[in-house]
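Structure record follows, encoded as structure tokens.
The sequence lines fix the lettering, A, B, ..., with proteins before strands; numbering per chain opens at 1.
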There are 2 protein chains.
Amino acid sequence: MSDAYYLQLTEQLRHLIDQNAVHWDGKLPAERALAERFATTRVTLRQALAQLEGEGLIHRSNRRGWFISPARLVYDPTRDAGFNDYVRAQGRQPRTAVLKLETRAHVPAARALGLPDDQPFHHIRRRRYVDDRAVLVESLWVVPERAPELLDIYSGQSLWGLLRERWGHYLANRSIRMVSEALLPIDAEELLVAPGTAGLNINRAILDDQQRPIEYDEEHWLHDSLCISVELSGQQ
Amino acid sequence: MSDAYYLQLTEQLRHLIDQNAVHWDGKLPAERALAERFATTRVTLRQALAQLEGEGLIHRSNRRGWFISPARLVYDPTRDAGFNDYVRAQGRQPRTAVLKLETRAHVPAARALGLPDDQPFHHIRRRRYVDDRAVLVESLWVVPERAPELLDIYSGQSLWGLLRERWGHYLANRSIRMVSEALLPIDAEELLVAPGTAGLNINRAILDDQQRPIEYDEEHWLHDSLCISVELSGQQ
DNA sequence: TAGTGGTCTAGACCACTCT
DNA sequence: GAGTGGTCTAGACCACTAC
């Protein structure tokens with residue numbers, strides 16, 4: 001079973017990529033050109049490319065082609081360093097685009113924070129980039145009482161920094177969940193990738209030091225752009 | 001773009017699965033039967049099934065067919081409750097099969113623990129099940145000086161329990177990494193799934209309270225069987 | 001406008017599972 | 001032995017990107 005041609009192809013493509021990464025400037029030749037070079041059809045070639053995509057070695061952008069994936073961003077969800085800080089700390093360039101600002105109810109946020117289903121939230125939808133590649137979209141759902149004028153003043157900065165500096169909120173209790181997912185068409189479109197692309201979904205429910213609900217967020221990352229790292233010391 | 005037929009198919013399949021899960025006993029009809037029912041080809045049908053597989057709703061076993069995936073196991077990598085304990089705590093049935101016991105060098109383990117590349121380790125390879133579904137394979141690399149007779153006495157129980165009870169080791173410092181992956185043919189075969197199936201790779205490097213290296217392990221989970229959960233309280 | 005990736009058709013053979 | 005999923009062929013059209 002391991003002698004399937006598409007699996008041999010993945011090995012050949014791996015070597016080809018290693019040797020030509022710089023020369024190609026990160027972009028692979030067209031599928032039809034690669035299929036011809038390896039004397040096979042586009043279907044089989046795409047099966048091999050999909051395997052490498054699953055491994056995180058390459059990725060697709062829209063209809064623009066296949067690209068070699070940059071190194072994964074190392075991310076520790078147990079620390080609350082802002083996105084901008086830890087991206088820069090790894091020598092990369094962060095960027096944020098705000099996609100939507102509104103106030104409305106959202107059942108998953110309400111459930112996660114123990115609030116009634118019709119509880120309204122300030123909703124911030126934003127897309128974040130590393131070195132100009134869009135790597136995640138996220139929705140933040142903030143309890144309006146905790147940050148009343150949030151939507152008037154928000155413009156892409158760190159939300160946690162804002163909550164702490166302007167409203168003095170202390171993000172004491174965090175409940176984090178991570179599951180792999182296939183990006184839904186709506187999320188995929190905002191990340192400029194094909195629907196069904198593998199992703200990682202990270203949710204957080206955050207309460208303050210008096211157990212008052214503050215915020216709930218849902219992140220959708222491209223699966224190949226992330227390495228989750230947790231360092232623990234002391235007793236369990 | 002969202003009107004692609006295979007995306008409409010995923011919706012229809014979702015409903016079909018919801019309504020017939022019990023009746024089918026968890027196994028979907030044959031691909032050819034489904035393709036005929038939806039008046040399309042196997043290629044397009046499989047594209048829809050692959051989307052649902054990526055979402056974790058269904059999975060494949062070997063050449064046996066498509067099955068509805070059970071609920072994800074919730075797993076907190078920051079706690080050191082053993083696999084058997086937290087599986088049972090969620091009302092599921094754990095099982096472990098030992099695949100290999102040997103002593104040899106392993107460069108990734110050596111690097112992660114700060115030891116020379118030719119450092120030998122006691123190696124335990126095991127496959128773990130939840131409710132009789134194989135959900136992960138893992139390799140454990142233990143520094144022999146810390147547990148000399150390990151391979152003579154090991155028979156599938158909790159390794160961490162053994163290290164604590166028999167050798168008095170205190171697993172104080174843990175460095176954990178998680179990345180999504182596509183299962184390599186060797187791991188896929190041991191999990192009875194097709195090569196390239198989406199997985200989650202979890203690595204741990206463990207030192208004791210005096211910073212002495214004890215153990216390194218590599219887990220390969222089926223991506224749809226896991227929900228990672230971390231609960232944090234107190235200051236950051 | 002030319003070329004690309006995304007989608008889809010209509011088959012085929014093989015290795016393997018099930019019974 | 002029958003049926004299944006895994007793999008592969010040789011095309012095709014369309015929507016979109018890049019120029």
Side-chain angles (χ1 to χ4, degrees), chain A residues 1-13 24-54 58-68 134 182-183 185 188-189 191-198, chain B residues 1-13 24-54 58-68 134 182-185 188-198:
Chain A
M1 194 46 45
S2 284
D3 53 356
Y5 186 50
Y6 83 93
L7 287 174
Q8 300 174 37
L9 258 187
T10 61
E11 296 311 316
Q12 298 186 51
L13 285 168
W24 286 339
D25 195 33
K27 183 178 188 308
L28 269 61
E31 291 181 359
R32 287 172 177 82
L34 287 173
E36 190 176 6
R37 183 200 296 230
F38 292 107
T40 185
T41 61
R42 272 181 72 208
V43 175
T44 301
L45 176 85
R46 281 170 64 88
Q47 209 172 351
L49 292 171
Q51 166 80 20
L52 297 177
E53 183 184 33
I58 58 177
H59 66 272
R60 287 176 281 180
S61 175
N62 245 357
R63 289 163 183 275
R64 301 195 304 117
W66 293 87
F67 297 84
I68 299 169
L183 293 175
E189 191 177 358
L191 286 172
L192 309 178
V193 298
T197 297
Chain B
M1 194 47 44
S2 285
D3 54 356
Y5 186 50
Y6 83 92
L7 287 175
Q8 300 174 35
L9 258 187
T10 62
E11 296 311 316
Q12 297 186 51
L13 286 168
W24 286 339
D25 196 30
K27 184 179 188 308
L28 269 61
E31 290 181 0
R32 285 172 179 83
L34 287 173
E36 189 176 8
R37 182 198 301 228
F38 292 107
T40 185
T41 61
R42 271 182 72 208
V43 175
T44 300
L45 175 85
R46 281 170 64 88
Q47 208 172 351
L49 292 172
Q51 166 80 21
L52 297 177
E53 183 185 32
I58 58 177
H59 65 273
R60 288 175 282 179
S61 176
N62 243 357
R63 290 164 182 273
R64 302 197 300 117
W66 293 87
F67 298 83
I68 298 167
L183 293 174
L184 299 176
E189 190 177 358
E190 290 185 334
L191 286 171
L192 310 178
V193 298
T197 297

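Closest contact between the side chain of B:Ala4 and the listed nucleotides D:dC8, C:dC8, C:dG6 involves C:dC8. Residue B:Trp66 places its side chain closer to D:dG5 than to any other of D:dA10, C:dT9, D:dG5.
Close to C:dC8, at under 4.0 Å from its OP1 or OP2, lies no side-chain N or O of B:Thr40. Between A:Thr44 and D:dT9, a side-chain N or O to OP1/OP2 separation shorter than 4.0 Å is present.
Under the rule for a side-chain hydrogen bond (donor to acceptor under 3.5 Å, both in side chains), B:Gln47 has no partner lying at least two apart in sequence or in another chain.
Residues from residues 31-39 of chain A with heavy atoms under 4.0 angstrom of DNA chain C, sorted by number: A:Glu31, A:Arg32.
We find that CZ of A:Phe67 is positioned 11 Å from C1' of C:dG5, with the value rounded to whole Å. Distance, A:Lys27 NZ to D:dT17 C1': 10 Å, rounded to whole Å. The CG-P distance, from A:Leu7 to D:dG6, rounds to 13 Å in whole Å. Remark: C1' of D:dC13 and OH of B:Tyr5 are 18 Å apart, rounded to the nearest angstrom. Between the CG atom of B:Leu45 and the C1' atom of D:dG6 there is a distance of 14 Å, rounded to whole Å. Look at CG on B:Leu192: it is 13 Å from P on D:dG6, rounded to the nearest Å. In this structure, B:Gln47 places its CD atom 16 Å from C1' of D:dG6, rounding to the nearest Å. The nearest whole Å value for the distance from the CD1 atom in A:Ile58 to the P atom in C:dG5 is 11 Å.
A distance of 5.5 Å separates OG1 in B:Thr197 from CD in B:Glu53, rounded to the nearest 0.5 Å. Atom CG of B:Leu13 and atom CZ of B:Arg37 lie 9.0 Å apart (nearest 0.5 Å). Annotation: the span from A:Leu52 atom CG to A:Ile58 atom CD1 amounts to 4.5 Å, rounded to 0.5 Å. We find the CG-NE2 distance between B:Leu191 and B:His59 to be 11.0 Å, quoted to the nearest 0.5 Å. Between A:Leu28 atom CG and A:Leu49 atom CG the span is 7.0 Å, to the nearest 0.5 Å.
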Dump the pairs, protein N or O against N or O of nucleotides 17-19 of chain C, anything under 3.5 Å, distances to one decimal.
unit_1: C:dT17; atom_1: OP1; unit_2: B:Asn62; atom_2: ND2; d: 3.4
unit_1: C:dC18; atom_1: OP1; unit_2: B:Arg64; atom_2: NH1; d: 3.4

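In this structure a side-chain-to-backbone donor-acceptor pair under 3.5 Å is present from B:Thr10 to B:Leu7.
Side-chain atoms of A:Trp66 and A:Glu31 include a donor-acceptor pair closer than 3.5 Å.
Within a 6.0 Å sphere centred on CD of A:Gln12, heavy atoms belonging to other residues, nucleotides or ligands number more than 12.
Nearest-nucleotide positions on DNA chain D place A:Tyr6 closer to the 5' end than the other of A:Arg42 and A:Tyr6.
Looking at heavy-atom distances under 4.0 Å, A:Arg60 makes contact with sugar-phosphate atoms alone, never a base.
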